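Reading through the C-alpha cells given below for one structure.
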2 protein chains.
Amino acid sequence: MSRHKYAIGLDYGTESGRAVLVDVSDGREVATAVHPYGDGVIDEVLPGTDIELPHDFALQNPADYIEVLRVTIPAVLQEAGVDAEDVIGLGTDFTACTMLPIDEAGTPLCQKAEWRDNPYAWIKLWKHHAAQPEANRLNEIAEAREEGWLPRYGGKISSEWFFPKIWETLNKAPEVYQAADRFIEAADWIVLQMTGQERRNSCTAGYKAIWHKRDGYPGDEFFAALDPRLRDVVDTKLSGEIYALGQRAGGLTPEMAELTGLRPGTAVSVGNVDAHVSVPAATVVEPGRMVIIMGTSNCHMVLGPEERMVPGMCGYVEDGIIPGFQGYEAGQSCVGDHFAWFVKNCAPVAYHSEAEAQGIDLHQLLEDKAAQQMPGEHGLLALDWWNGNRSVLVDVDLTGMLLGATLATRAEDIYRALIEATAYGTRMIIDTFQEHGVAVDEIVACGGLPERNKLLMQIYADVTGREIRISASQQTPALGSAMFGAVAAGRAAGGYDSPFEAAGQMARLKDEVYTPIAAHKAVYDEIYAEYVRLHDYFGRGENDVMKRLKALKARVQVDS
Amino acid sequence: MSRHKYAIGLDYGTESGRAVLVDVSDGREVATAVHPYGDGVIDEVLPGTDIELPHDFALQNPADYIEVLRVTIPAVLQEAGVDAEDVIGLGTDFTACTMLPIDEAGTPLCQKAEWRDNPYAWIKLWKHHAAQPEANRLNEIAEAREEGWLPRYGGKISSEWFFPKIWETLNKAPEVYQAADRFIEAADWIVLQMTGQERRNSCTAGYKAIWHKRDGYPGDEFFAALDPRLRDVVDTKLSGEIYALGQRAGGLTPEMAELTGLRPGTAVSVGNVDAHVSVPAATVVEPGRMVIIMGTSNCHMVLGPEERMVPGMCGYVEDGIIPGFQGYEAGQSCVGDHFAWFVKNCAPVAYHSEAEAQGIDLHQLLEDKAAQQMPGEHGLLALDWWNGNRSVLVDVDLTGMLLGATLATRAEDIYRALIEATAYGTRMIIDTFQEHGVAVDEIVACGGLPERNKLLMQIYADVTGREIRISASQQTPALGSAMFGAVAAGRAAGGYDSPFEAAGQMARLKDEVYTPIAAHKAVYDEIYAEYVRLHDYFGRGENDVMKRLKALKARVQVDS
C-alpha cells in the first residue's frame with residue numbers, strides 16, 4: 001500500500017485565512033489552522049499612518065495574506081505529522097472581488113514607500129463600497145448602450161466588482177491608476193506570489209470582471225464611454241489570458257517553499273472564489289443539483305449544460321464553477337442577517353431569561369418555539385428584503401415587509417415568518433431558473449446555517465418541494481480548494497485528472513436528508529402564491545412605495 | 001354669596017365604579033372615590049356556584065353596582081365635607097352595551113333564587129363575545145333584506161350589542177328569555193334603581209339597540225326573519241319611550257337616599273355611556289370639534305347639525321351625544337394596545353436595561369428615542385390593523401402590516417411607525433367625515449394616552465393638520481355625568497337648564513395646544529398618500545391576502 005497523499009486547501013476569508021490538510025484518497029480533513037489578518041479589515045485608519053478613511057472604505061494589507069501561508073501551512077503539517085513530500089498540491093480560494101494595483105513585478109503598490117500613504121494603493125476588500133457612484137454611472141451607460149453582457153448580471157454591475165473599483169481609483173487617485181502596471185484580483189495575486197505565474201482564473205474574471213469565454217471583456221468603446229482614459233484599460237491594466245478552474249497555475253517557488261516548508265514545485269491550482277469552490281466540495285459537478293451556501297446571505301449556484309439567459313442572476317459564467325459547464329449564480333442579500341437583526345432588535349426580554357434558564361441561545365429558543373407550529377398557523381407573511389433584493393429583482397432599494405400581525409402575534413411567529421420568507425425567496429430563484437431552462441432537481445446546502453438550524457432546513461425542503469442534503473464538511477471552501485490542488489497535481493502525482501474525479505473521491509454529504517412533507521408543501525404552495533403576488537406588486541413597479549419611502553428618508557436626512 | 005352647589009358624577013367602568021363630587025359653578029372636582037366590583041368581570045365561574053363559563057363569556061353582578069353607590073357617595077361627601085343639602089343632582093355613565101334581563105319590578109333575574117344558577121340570567125358585560133354567531137346571522141339577514149338602518153352602523157352590528165345578546169339568550173336559554181319581563185341596559189337599570197323610573201336613554205338605544213329618533217327600532221318583520229319568536233321582542237321585552245340625554249329621569253327614592261346619605265328627590269339624569277358623556281366634559285357641545293378618547297383603542301365623536309350617511313362609522317344617533325344634534329361615532333380597534341403589544345413582544349433586552357438605568361418605563365424610553373427623529377426618517381409605514389379595522393373599513397379580518405424595514409431598523413423606529421399608523425387611521429376617519437359633509441376643524445383629546453405621550457399628540461396634530469387640545473379633567477366621564485346631573489337639577493335648583501350652559505361653566509381644557517408643524521405636515525401628507533393606497537389595496541378587495549392568510553390559519557389550526 002502506497003503512502004497517503006495530501007493536498008492543502010487555503011481559504012482566504014474576510015478576517016482570517018485558513019489552511020486545511022486533506023487526504024487526497026478520501027477527502028478526510030486531517031488538520032486545520034486559522035490565522036487572523038494582523039490588520040484585519042482596514043476601515044478606519046490606514047496602517048502605520050493617521051490617515052482616516054471614509055466610512056464606505058474597506059481595505060486589506062497583502063502582507064497579511066503571505067503571513068497566513070507562513071503560519072498555517074507549517075502548522076497543519078506539524079499537527080498531522082505529514083511529510084512535505086506527501087503534499088502534492090495546493091489550491092486557494094478568496095473573497096471576491098477583492099483587488100489591488102501592482103507594479104510590473106507583481107508587488108502591491110501599497111508595499112512601495114512612495115505609495116504607502118495612499119489608500120487607493122491598498123487592497124480594496126469585496127465590501128469596499130466607495131465605488132457606488134462609479135457603479136451607478138457604469139450601469140446607466142451600459143443600459144443606454146444596450147450592452148449585451150448586462151443581462152448576464154441581472155442588469156446590474158455591483159459597486160463591489162472589478163471595474164467600478166478601478167474607475168474609482170482613476171477618479172479619486174489618477175496617479176495610482178497611472179502608476180499601476182496592472183490591477184488584479186487577490187485570488188490571482190496570491191497564486192502569482194506562490195508560483196511566480198500570473199494565471200487569472202475564469203471564476204473571478206467571469207463573475208466580477210464581466211469576462212465571457214467567447215466574447216472576452218466589454219469593448220474599448222464601452223470603456224471609452226465611461227471615461228476616455230479607460231478606453232485601453234483591458235489592454236494596459238489587466239493581463240490577457242484566462243485559465244479555467246482546476247488548471248495548474250504553476251509550481252511553488254523556492255522562496256515560497258522555504259516560507260511554508262513545502263517542496264519547491266508543489267502544484268498550485270489557479271485561484272478560485274470561496275463560494276464557487278464549495279460547489280464540487282458539496283459533491284456537485286453536474287447540472288440539476290443546486291448548491292446553496294447559507295450564512296448571513298444565501299448564494300445559489302447551479303450548473304447548466306448550455307448558456308441560458310436567466311433574469312435576475314448575479315451572473316453566469318462558462319467554466320466559472322466547473323470546467324465545461326455554465327456556472328449560474330443567484331443570491332439573496334439577507335438570510336442569517338435577518339435572524340440576527342430580529343434577535344438583536346426584537347426579541348423580548350422574557351425570552352432572554354427563558355433562554356438563559358434553559359442554557360441555550362436566543363436563536364435556539366426561538367427555533368424551538370417556532371418548530372411547534374404548523375405551516376400557516378401564525379398567519380404571517382414577510383417579504384425578505386431587509387437588505388434589498390438581489391435575485392431575481394436586483395433592486396437594493398426594496399425593503400422588508402411583514403403582514404398578518406395581530407395582538408396575538410408572538411416573537412417566534414415573526415421569527416418563523418422570516419425564515420419562511422427567505423425560503424420563498426429561494427423558491428422564486430429556483431422557479432426562475434426552471435422557467436428559463438436551467439433544471440434544479442435537488443438541493444445541497446452548506447455554510448453556517450444548515451448545521452445549526454433544522455427547522456430552517458425542513459422549511460426550505462417544504463417550500464421548495466425538493467430534497468435537501470448537507471455537505472459533510474464544515475469547511476467546504478477549504479476542502480474544495482484542496483480538491484483543486486489535487487487536480488492541479490494530476491493523477492500521475494497521486495491526485496486527480498479532473499474535478500469530477502476529485503469530487504467523486506474527496507467530497508461527501510451527511511447522511512441526513514430533509515424531505516418535503518406533502519401536507520406542509522400544500523400549505524406553503526398557497527402562501528407562496530401570496531408571496532409571489534406581493535413580490536411582484538412591490539417589486540415590479542406596480543407600487544413603488546418602498547422606493548418612495550427610501551427616497552423620502554434620504555431627503556429628510558439631508559434636510560435635517 | 002350663596003353656598004356652593006354640587007353634583008355627583010358616577011362612572012361605571014369595567015372593573016370598578018367611581019364617584020366624583022363636582023362644584024357646579026366651575027366644574028372643580030372636589031372629591032373622588034373608587035370602589036372595585038366584588039365579583040369584577042365574571043369570566044370563569046358563576047359566583048356562589050361551581051358552574052364554569054365558556055371562554056367568550058363576560059358577566060357582572062348587579063349587586064356590585066349598588067355597592068358602588070353605597071360606598072362611594074358617602075365617601076366623597078365626607079372627604080369634601082359637603083352637606084347632602086348642597087348636592088343638587090346625580091348623573092351616571094356606564095360601559096355599553098352592558099345589559100341584563102329583569103322581572104316586572106326591575107329585579108335582575110340573577111338575583112332571584114330560581115335563576116341564580118343560570119349564566120344567562122346575569123348581566124352580560126360589553127365584552128361578552130358569545131353572541132358572535134347571532135351577530136353574524138343578524139348581519140347576513142339585514143344585508144339580504146337591505147335594511148335601511150344597517151349603513152348607519154357601517155354595515156355591521158357588533159356581537160357586543162343589544163339584540164345579538166338578547167338573541168343569544170333566546171337560543172341558549174329560552175327559559176330565561178321567557179322569564180324576562182324586559183331586557184335593559186345597565187345604564188338604564190341603575191337609573192331605574194335610583195329613581196324607580198324606567199327612562200331609557202337615547203345614547204345606548206341609538207348606538208347599541210338600532211334605535212332611531214324618527215324610525216324607532218327595526219320592524220317586526222326583520223325580527224321575525226331572525227327568529228319567529230323574536231317578532232314582538234321590541235313590544236314585549238323593551239319599554240317604549242326613549243329620553244334624550246340631559247333629561248331628568250326622576251328623583252332619588254327614599255331607599256336610595258338612605259343608602260347614599262343624599263336627600264330623597266335629588267335629581268337624577270337619564271343614563272349615558274362613558275365615551276359619549278365625555279364629549280361635553282371636553283367642552284364640545286357644537287359641530288366641528290371632534291373628541292377622541294384615546295386609550296387601548298380610539299373612539300372618535302363629532303356632532304353634526306343634520307343627518308349624513310358617513311361610511312364605516314360605529315353609528316350616528318340623533319340626540320345620541322348632545323340633544324338637538326346628530327352624534328357621530330367612529331373608532332379604531334387598536335391604539336394603546338398596539339404599543340403595549342410592541343413593548344411586550346418586541347422591545348429588545350438592551351432597552352429594558354437602559355430604561356431601568358434611567359428609571360423610566362419602556363414606553364417612555366421608546367418615546368424619547370422616537371422623538372429624536374424627523375417625520376419620514378425611519379422609512380417605515382404600517383397599517384394599524386393589529387386588531388382589525390373598525391372605521392372606515394369595518395373589517396375584523398384585516399391584520400397588521402409593516403413595510404420599509406432594513407437591517408438598520410431599530411425598535412424605536414417601529415414604535416414610531418405604529419404611532420404614526422394610528423394617526424393615519426384617524427386622518428382617514430376625519431377625511432371620510434369631511435368628504436361626507438361632517439366638518440372636523442379641531443380635535444379635543446381625552447383618555448389615558450394624551451396625558452402621557454406628547455410625541456403621539458404632536459404626531460396626531462402633524463398628520464391630521466389640526467390643532468389638538470386636551471381635556472383638563474383626568475376623569476372626563478365622571479365629570480360629564482356630574483354635568484348631566486346638574487342639568488337634571490335645572491337652573492332653579494342651582495344647576496343648569498341645558499348641557500350647553502353646563503359645558504360653558506363646568507368643562508375646561510388644558511392650556512397646552514398641539515399645533516401642526518408645517519414642515520412635518522408636508523412630509524406626512526406624502527406618507528399618508530402611501531398609507532391610503534395600501535389601505536385601499538389591502539382593505540377594499542384589491543388583494544385580500546390578509547383574509548386568505550387568516551382563513552388558512554383557522555383551517556390549519558382545525559386540521560392539526
Side-chain angles (χ1 to χ4, degrees), chain A residues 334 337-338 340-341 343-353 362 373-383 385-388 399-411 413-414 519 523 526-527 530 533-534 537-538 543 545-546 548-550 552-557 559-560, chain B residues 334 337-338 340-341 343-353 362 373-383 385-388 399-411 413-414 519 523 526-527 530 533-534 537-538 543 545-546 548-550 552-557 559-560:
Chain A
C334 177
D337 276 351
H338 253 301
W341 171 84
V343 163
K344 178 179 170 208
N345 291 284
C346 305
V349 67
Y351 284 25
H352 283 263
S353 322
L362 264 172
Q373 300 179 25
M374 286 288 295
E377 192 178 318
H378 55 53
L380 300 172
L381 177 58
L383 291 175
W385 301 346
W386 263 245
N387 195 19
T399 54
M401 195 218 62
L402 177 75
L403 177 151
T406 73
L407 292 175
T409 299
R410 300 155 306 173
D413 301 334
I414 301 175
V523 173
E526 280 189 60
I527 306 176
E530 305 290 354
R533 188 160 166 194
L534 292 170
Y537 178 76
F538 288 115
N543 186 346
V545 53
M546 291 168 178
R548 288 190 297 269
L549 289 173
K550 210 162 179 179
L552 179 65
K553 175 177 177 172
R555 219 178 66 211
V556 165
Q557 285 171 333
D559 289 352
S560 67
Chain B
C334 178
D337 276 352
H338 254 303
W341 171 84
V343 162
K344 180 180 168 207
N345 291 284
C346 306
V349 68
Y351 285 26
H352 283 262
S353 321
L362 263 173
Q373 300 180 23
M374 286 288 295
E377 192 178 320
H378 54 52
L380 300 172
L381 177 58
L383 291 175
W385 300 346
W386 264 245
N387 195 19
T399 53
M401 194 217 63
L402 178 75
L403 177 149
T406 73
L407 291 175
T409 299
R410 300 156 305 173
D413 301 334
I414 301 176
V523 172
E526 280 188 60
I527 307 177
E530 305 291 353
R533 187 161 167 194
L534 292 170
Y537 177 75
F538 288 115
N543 186 346
V545 53
M546 292 169 179
R548 288 190 296 269
L549 288 174
K550 210 162 179 178
L552 178 65
K553 174 178 177 171
R555 219 178 66 211
V556 165
Q557 285 171 333
D559 289 353
S560 68

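Keep in mind it's a predicted model, so treat the numbers as computed, not measured. Numbered from 1 within each chain, the chains take letters A, B, ... in sequence-line order.
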Query raised in the report: Checking heavy atoms, do the side chain of B/Leu383, its backbone, both or neither come under 4.5 Å from chain A?
Result: neither

Query raised in the report: Between B/Ile414, B/Leu407, B/Leu552, which has the largest tally of heavy atom pairs under 4.5 Å with chain A?
Result: B/Leu407

Query raised in the report: Does some side-chain heavy atom of A/Lys553 sit less than 4.5 Å from a side-chain heavy atom of B/His378?
Result: no

Requested in this report: Mind listing the closest non-hydrogen atom pair of A/Trp386 and A/Met401 along with its distance?
Outcome: CZ3-N, 3.6 Å

Query raised in the report: So which of A/Asn345, A/Leu381, A/Asp337, A/Leu362 has the largest heavy-atom pair count under 4.5 angstrom toward chain B?
Result: A/Asn345

Query raised in the report: So, do A/Val556 and B/Gln373 sit near enough that their side-chain heavy atoms are less than 4.5 Å apart?
Result: no

Report summary line: Sorted by chain and residue number, the ring-ring contact (aromatic ring centres under 6.0 Å, His included) partners of A/Tyr537 (sequence neighbours excluded) come out as B/Tyr537

Report task. With a 4.5 angstrom heavy-atom cut-off, could you sort out which part of A/Phe538 is near chain B: side chain, backbone, both or neither? Result -> side chain

**Report entry** Choice from A/Gly379, A/Ala411, A/Gly404, A/Gly376 maximising heavy atom contacts with chain B below 4.5 Å
**Finding:** A/Gly404

Report task. State, with a plain yes or no, whether a side-chain heavy atom of A/Val545 is found less than 4.5 Å away from one of B/Arg533. Result -> no

Query raised in the report: Quick one: of B/Leu402, B/Ile527, B/Leu534, who has the most non-hydrogen atom pairs under 4.5 Å with chain A?
Result: B/Leu402

Query - Part of A/Thr409 within contact of chain B (heavy atom distance under 4.5 Å) - result: both

Query raised in the report: Are any of the side-chain heavy atoms of A/Met374 and A/Val523 separated by less than 4.5 Å?
Result: no

Query raised in the report: Of the listed residues (A/Ala382, A/Pro375, A/Gly400, A/Ala405), which shares the most heavy-atom pairs with chain B below a 4.5 Å separation?
Result: A/Ala405

